[in-house]
Amino acid sequence: MLRGRPRRGREAHAATGDDPGGGADPLDAAQERRVRAVLALGGVPQADLPDGVQQVRLRLLERAASGREAPRDVSAWAAVVASNLAMDWHRAKRRQERLGERLAALRQPAEQPSGEDSSVLSVAVAQGLDELPDAQRQVVVLRFYADLPVRSIAEQLGVPEGTVKSRLHTAVRALRARLHEDEVV
């Protein structure tokens, strides 16, 4: 089967609203190209463009499902949504970069501890981890030892990102208190 055939068939049916697959595609081919162009010009990487197009499609479908009328100019509406998505992508990227810089600063001690100091710290951290509740210990290990981003941890554990962040915050605060109590730091 040729790659292009199913796509063209779906687009032809989507324009008339009688998609044989059961649901009409809210974006025609020209609108999809425009959305891709707006996303690309907005700085979204090529690899993320299909997700961006799907987000626009989803928002249009959600709008229809909520009972709101369709935008007068779907193409213009989709372009504005794509532009907003590109801005959101940049904001998220900046947040990740700032977080990475803050974590890098925390990981680089001002002076290198001696071998003995380092092993005392390692033992104290290991003991502190053992005292944490399982859920907190799990997110600390995944975040700081496996170096997974919060979003991936949330997806893997099946919990909201906010829950992961809350557990991390509570766990780090408890570890910090434990290290201060033991006068390790």
Side-chain angles (χ1 to χ4, degrees), residues 1-103 134-136 138-144 146-172:
M1 178 152 57
L2 296 175
R3 254 179 200 249
R5 289 209 179 229
R7 180 90 175 140
R8 274 190 231 115
R10 189 184 80 195
E11 288 168 355
H13 290 290
T16 61
D18 63 347
D19 184 10
D25 188 345
L27 295 177
D28 64 25
Q31 292 164 338
E32 183 175 330
R33 281 192 303 275
R34 185 174 187 187
V35 165
R36 283 180 173 276
V38 169
L39 290 169
L41 290 170
V44 176
Q46 287 288 342
D48 292 339
L49 291 181
D51 289 338
V53 171
Q54 287 301 89
Q55 282 292 322
V56 172
R57 224 179 235 116
L58 177 64
R59 291 186 186 179
L60 190 56
L61 289 170
E62 286 173 339
R63 180 184 175 105
S66 71
R68 290 183 285 168
E69 64 182 58
R72 275 184 285 182
D73 184 352
V74 173
S75 186
W77 181 90
V80 169
V81 171
S83 176
N84 290 338
L85 287 171
M87 286 189 297
D88 291 345
W89 184 87
H90 283 289
R91 285 185 195 116
K93 183 179 174 191
R94 278 196 302 270
R95 271 193 306 272
Q96 281 297 98
E97 288 170 352
R98 283 193 306 265
L99 181 62
E101 290 168 2
R102 286 175 39 209
L103 287 173
D134 291 339
Q136 291 177 8
Q138 184 180 35
V139 296
V140 167
V141 169
L142 290 173
R143 180 66 191 106
F144 298 111
D147 204 28
L148 292 177
V150 170
R151 176 175 284 157
S152 295
I153 296 169
E155 289 171 0
Q156 295 299 320
L157 298 179
V159 298
E161 287 183 45
T163 301
V164 173
K165 292 175 184 177
S166 174
R167 289 176 184 172
L168 277 171
H169 176 77
T170 305
V172 169

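In this chain, residues are counted from 1 in sequence order.
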**Asked** Do any N or O atoms from the side chain of Gln156 and from the backbone of Ile153 form a donor-acceptor pair under 3.5 angstrom?
**Response** no
**Prompt:** Quick one: side-chain hydrogen bond (donor to acceptor under 3.5 Å, both in side chains) pairs with a partner in residues 72-83, sequence neighbours left out?
**Reply:** Arg34-Ser75
**Item:** Atom pair CG/CG of Leu61 and Asp25 - distance to nearest 0.5 Å
**Value:** 8.0 Å
**Message:** Is there a side-chain contact between Leu58 and Gln54 in this structure, where contact means two heavy atoms from C-beta onward sitting under 4.5 Å apart?
**Reply:** no
**Fill in**
Closest non-hydrogen contact found for Pro26 with Leu60 is CB-CD2, 3.2 Å
**Request:** Indicate the atoms forming the closest heavy-atom contact of Ala40 with Leu49, along with that distance.
**Result:** N-CD2, 3.7 Å
**Item:** Nearest heavy atoms of Ala78 and Val35, plus distance in Å
**Value:** CB-CG2, 3.7 Å
**Request:** Check whether more than 12 heavy atoms from other residues, nucleotides or ligands sit under 6.0 Å from atom CD of Glu97, and answer yes or no.
**Result:** yes
**Item:** Side chain proximity check, Leu168 to Val150, heavy atoms < 4.5 angstrom
**Value:** yes
**Complete:** To the nearest 0.5 Å, atom CG of Asp48 lies from atom CD of Gln46 at 10.0 Å
**Asked** How close do Trp89 and Gly43 get, heavy atom to heavy atom, and via which atoms?
**Response** CZ3-O, 3.5 Å
**Non-hydrogen side-chain atoms of Leu157 and Val139 separated by less than 4.5 Å** = yes
**Asked** Nearest 0.5 Å, what's the NE2-CZ distance between His169 and Arg167?
**Response** 15.0 Å
**Message:** Looking at every non-hydrogen atom in both residues, tell me the closest pair between Gln96 and Pro149 and how far apart they are.
**Reply:** NE2-CB, 4.4 Å
**Request:** State, with a plain yes or no, whether a side-chain heavy atom of Leu85 is found less than 4.5 Å away from one of Arg59.
**Result:** yes
**Complete:** Shortest non-hydrogen pair, Ala171 vs Val140, comes out as CB-CG2, 3.4 Å
